[in-house]
Amino acid sequence: MINFIQNMVDALSLGSIYALVALGIGLLFGILRLINFAHGDLITIGGYSLIVPSADVTSQMLIGNWSWWTLLPSVCLIVVIVALLTDALVFRPLRRANATTLMIGSFALSYIIQNGLLLVYSSRAKAVDLWPSLNTQIELGAVRLPVLQLTTIGTTLVLMVALIAFLRGTRYGVQMRAAAEDFRMAQYLGVNGNFVIGMAFAVTGILATAVSLLYVTQTGSLSHTMGVPLALFGFVAVVIGGMGSLVGAVVGGFMVGILLVMLQAYLPADLRGFRDAFAFGILVLVLLGRPSGLFPAKNIIERV
């Protein structure tokens, strides 16, 4: 029972990471019908912004040495600016393109960012010791709960509540919801399409920052492709939850995280190397029963 509780905390922590990634991907899909695979590279940029730009093997902390109340807004500002630049330079010229062209554009952007990081930082993984105080445990009887995992879960819940409050309780949030429901009609009613889309990119940048800092604190390392598997599992979570549904993205993210951790914990030792194959097989079975996802959005129509 004790092991199950500890495994469940780990599963919810990993699910929280994937839920935040899926929210970022799902939010843009809801408005632009854009599957942004470059979202993972925004997470990577957030991690690399912590260190001094250098190709040296040993990394030297820059923003990472600052106090948390200056570190958080600084990294967030960098990632949001990059997210807005990707919109202005890549996706805005492709506004009237079809979904396939937008997706290809996001793949190209992802490779450009990764190779840019290679030029500056080299291909060597960088060790980063961010917030070591979080790598402790709280003992509740016989159960030891990692502080970092609890922080990850709590941060995810706070960000989800904040996003819901923003979308439902602010003027700009209502405009984003209207654009997601019917982009053309929202424009007819006076919604500035470019502004709303830019705001959506800014929100995804904030979510990517949170994922980046939490993930780097957990792994303690940086690589130029660290965001790719996160974006992949985030996309899987969006598909499982239902394309265009933010609730579905969150549920899908937690499902993927819980499934991966539980398979790692309870599969026989000689099968644990095939954990991802088992996980994807189970998710395929879910899609066979619910092809549109668990919470299919009613407004999935072709963007014009």
Distance from Leu148 atom CG to Asn135 atom CG, nearest 0.5 Å?
-> 5.5 Å
Under 4.5 Å between any side-chain heavy atoms of Phe280 and Val236, yes or no?
-> yes
Check for a donor-acceptor pair, side chain of Thr219 on one end and backbone N or O of Tyr215 on the other, with a separation under 3.5 Å.
-> yes
Backbone N/O of Gly242 and side chain of Ser245: donor-acceptor pair under 3.5 Å | no
Linking I/L/V/M/F/W/Y whenever any side-chain heavy atoms sit under 4.5 Å apart, do Val256 and Tyr266 land together?
-> yes
Report, as yes or no, whether the 6.0 Å neighbourhood of atom CZ on Phe274 holds more than 12 heavy atoms from other residues, nucleotides or ligands.
-> no
Go through the side-chain N and O atoms of Asn36 and Ser106 and say whether any donor and acceptor fall under 3.5 Å apart.
-> no
Would you indicate whether the side-chain heavy atoms of Val216 and Met226 approach each other to under 4.5 Å?
-> yes
Can you say whether the rings of Phe37 and Phe107 are parallel (under 30°), tilted (30 to 60°) or perpendicular (over 60°)?
-> parallel
Between Thr101 and Asn98, is any side-chain donor less than 3.5 angstrom from a side-chain acceptor?
-> yes
If you group Ile, Leu, Val, Met, Phe, Trp and Tyr by side-chain heavy-atom gaps below 4.5 Å, do Val238 and Val228 land in one group?
-> no
For the residue pair Thr44 and Thr225, establish whether any side-chain heavy-atom pair is separated by less than 4.5 Å.
-> no
Crowded around Arg92 CZ? As in, over 12 foreign heavy atoms under 6.0 Å?
-> yes
So do Leu85 and Val90 actually touch side chain to side chain, heavy atoms under 4.5 Å?
-> no
Does any N or O in the side chain of Ser212 come within less than 3.5 Å of the main-chain N or O of Ile43, such that one atom is a donor and the other an acceptor?
-> yes
Side-chain polar contacts of residues 193-201 - donor-acceptor pairs under 3.5 angstrom, sequence neighbours left out - could you list them?
from: Asn194; atom 1: OD1; to: Arg95; atom 2: NE; distance (Å): 3.3
from: Asn194; atom 1: OD1; to: Arg95; atom 2: NH2; distance (Å): 3.4

Taking Gln187 for its side chain and Asn192 for its backbone only, find out whether a donor-acceptor pair lies under 3.5 Å.
-> no
Asp56 versus Thr58, side-chain donor and acceptor atoms under 3.5 Å | no
Any side-chain heavy atom of Gln218 within less than 4.5 Å of one from Ser13?
-> yes
May I ask you to test the Ile258-Met262 pair for a side-chain heavy-atom distance under 4.5 Å?
-> yes
Anything under 3.5 Å between a donor and an acceptor, one on a side chain of residues 59-67, the other on a protein residue two or more places apart or in another chain? List them.
from: Ser59; atom 1: OG; to: Ala127; atom 2: O; distance (Å): 2.5
from: Asn65; atom 1: ND2; to: Met61; atom 2: O; distance (Å): 3.4
from: Trp66; atom 1: NE1; to: Leu62; atom 2: O; distance (Å): 3.4
from: Ser67; atom 1: OG; to: Trp69; atom 2: NE1; distance (Å): 3.4
from: Ser67; atom 1: OG; to: Thr70; atom 2: OG1; distance (Å): 3.2

Among Phe254, Phe235, Phe233, find the one that has a ring pair (Phe, Tyr, Trp, His ring centres under 6.0 Å) with Tyr18.
-> Phe233
Separation between CG (Leu150) and CG (Leu134), nearest 0.5 Å, reads 10.5 Å
Do Leu71 and Leu130 come close enough that some side-chain heavy atom pair is under 4.5 Å?
-> yes
More than 12 non-hydrogen atoms from neighbouring residues, nucleotides or ligands closer than 6.0 Å to OH on Tyr111, yes or no?
-> no
Is a side-chain N or O of Arg290 found less than 3.5 angstrom from the main chain of Val286, in a donor-acceptor match?
-> no
Determine whether Val261 and Leu145 fall in the same hydrophobic cluster, where Ile, Leu, Val, Met, Phe, Trp and Tyr are linked whenever their side-chain heavy atoms lie under 4.5 Å apart.
-> yes
Going by heavy atoms in the side chains, are Gln137 and Val147 under 4.5 Å from each other?
-> no
Are more than 12 heavy atoms from other residues, nucleotides or ligands located less than 6.0 Å from atom OH of Tyr172?
-> no
Charged tip of Arg124 within 45° of Tyr121 ring normal and under 6.0 Å = no
